[in-house]
Amino acid sequence: MTGLVSSEWLRFRSRRLVKVLAVVTAVGIGVALAIGFVQSHPPTDAELARAERRSDRVTRQCIEQGGFGGAPDGGDVEAFCGEQFEDPAPFLRDPPIRLGELPEVLRNTAFISILIGLVIGASAVGASWQTGTMTTILTWEPRRVRVGLVRLSVVAVGAFALAVALLALLSGLFWVVTSIRGVTDIPSGWWTETGSVIARVGLLAASASVIGGGVAMIGRNTAAALGAVFVYVAVLEGIVRSLRPALGRFL
């Protein structure tokens with residue numbers, strides 16, 4: 001069992017696809033943040049003062065108009081308006097990049113992380129069938145269920161580690177950019193929220209790798225896994241959303 005796990009882990013780390021995806025994603029992160037660095041400018045004291053006056057004015061209007069219709073029934077309208085409009089940054093003419101936005105930025109990477117996990121999982125299993133590697137493995141470990149579970153477990157751990165590493169790189173570079181050209185003020189609970197988002201996105205990538213690998217194990221083909229998932233996302237999810245809209249948030 002230990003030998004099987006070690007060989008699968010070595011095979012995962014040696015895969016060219018994993019290295020290429022890691023490098024391409026890292027370069028994409030660098031380019032995106034370089035663009036943000038160029039376009040972001042810290043606000044001057046005068047700009048910040050004007051934004052604070054606009055924030056106060058909109059907050060008062062919100063309270064006077066009962067939360068603009070968005071306050072929860074029976075809730076504290078003043079607290080609701082303060083939470084929505086007390087931050088002056090959105091009222092700047094050219095809002096700078098803000099460290100407090102990092103959790104939302106990380107959430108927006110979920111789809112890319114899922115796609116990376118899916119491709120890694122499907123390729124790790126499907127390519128082995130296509131090249132005959134899986135047949136060779138089964139000559140010294142004939143229990144297919146064990147081989148499949150070990151490979152999917154290794155792929156899931158690897159996809160999780162890769163996603164977390166890339167998100168950590170994004171977070172570090174984001175902090176550097178905001179320290180130089182943005183605003184580093186963060187709300188309370190920011191650290192906990194950021195860590196939880198990174199963990200959840202990493203788990204999504206790991207889950208996608210297991211799904212891709214599982215379908216590829218059944219179809220014995222990388223394209224079969226990617227095609228099946230594409231059909232699900234493009235067709236079946238749309239049908240479910242139209243028939244049962246309430247289930248949309250779980251898809």
Side-chain angles (χ1 to χ4, degrees), residues 1-30 32 105-174 194-230 232-233:
M1 184 67 173
T2 303
L4 181 60
V5 173
S6 299
S7 65
E8 289 295 337
W9 181 246
L10 178 61
R11 187 173 290 106
F12 177 84
R13 291 192 295 110
S14 302
R15 289 190 60 79
R16 186 179 302 172
L17 177 65
V18 175
K19 298 176 182 178
V20 170
L21 285 175
V23 171
V24 170
T25 306
V27 171
I29 291 172
V105 172
L106 294 175
R107 288 190 189 93
N108 292 332
T109 66
F111 177 76
I112 298 176
S113 300
I114 290 172
L115 187 60
I116 290 175
L118 178 66
V119 171
I120 289 176
S123 176
V125 177
S128 292
W129 281 111
Q130 292 173 280
T131 59
T133 304
M134 185 65 73
T135 304
T136 303
I137 295 173
L138 292 174
T139 59
W140 62 273
E141 177 53 75
R143 287 166 290 193
R144 296 191 178 197
V145 173
R146 172 177 287 190
V147 173
L149 290 177
V150 169
R151 173 158 295 194
L152 292 179
S153 299
V154 169
V155 168
V157 172
F160 177 83
L162 178 61
V164 169
L166 291 173
L167 292 176
L169 174 65
L170 171 60
S171 301
L173 293 178
F174 196 88
T194 301
S196 66
V197 171
I198 291 176
R200 291 201 304 271
V201 174
L203 289 174
L204 285 173
S207 301
S209 70
V210 172
I211 293 172
V215 177
M217 184 70 74
I218 297 172
R220 300 188 179 187
N221 192 288
T222 302
L226 298 180
V229 173
F230 173 78
Y232 167 75
V233 173

Going by the rule side chain to side chain contact (heavy atoms under 4.5 Å, CB included), which residues pair with [X] if we only count those two or more places apart in sequence or in a different chain?
| X | result |
| --- | --- |
| Ala205 | Ser113, Ala163 |
| Val20 | Arg16, Val24 |
| Ser171 | Leu102, Leu106, Ile198 |
| Ala110 | Val201, Leu204 |

Which atom names give the shortest non-hydrogen contact between [X] and [Y], and what distance separates them?
| X | Y | value |
| --- | --- | --- |
| Ala26 | Leu169 | CB-CD2, 3.9 Å |
| Ser209 | Ala156 | OG-CA, 3.5 Å |
| Val155 | Gly121 | CG1-CA, 3.7 Å |
| Phe160 | Leu203 | CD1-N, 3.6 Å |

Side chain to side chain donor-acceptor pair (under 3.5 Å) partners of Ser153, counting only residues at least two apart: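 In terms of side chain to side chain donor-acceptor pair (under 3.5 Å), with neighbours along the sequence ignored, Ser153 is linked to no residue.
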Option passing side-chain contact (heavy atoms from CB on, under 4.5 Å) with Leu166 (candidates Ile112, Thr25, Thr109):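 In the set Ile112, Thr25, Thr109, the residue that makes a side-chain contact (heavy atoms from CB on, under 4.5 Å) with Leu166 is Thr25.
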CG of Leu118 to OG of Ser207: how many Å apart, nearest 0.5 Å?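 Between atom CG of Leu118 and atom OG of Ser207 there are 11.5 Å.
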Mind checking salt bridge (Lys or Arg N to Asp or Glu O under 4.0 Å) for Arg107 and listing every partner two or more places apart, or none if nothing turns up?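 Residues passing salt bridge (Lys or Arg N to Asp or Glu O under 4.0 Å) with Arg107: Glu104, Glu193.
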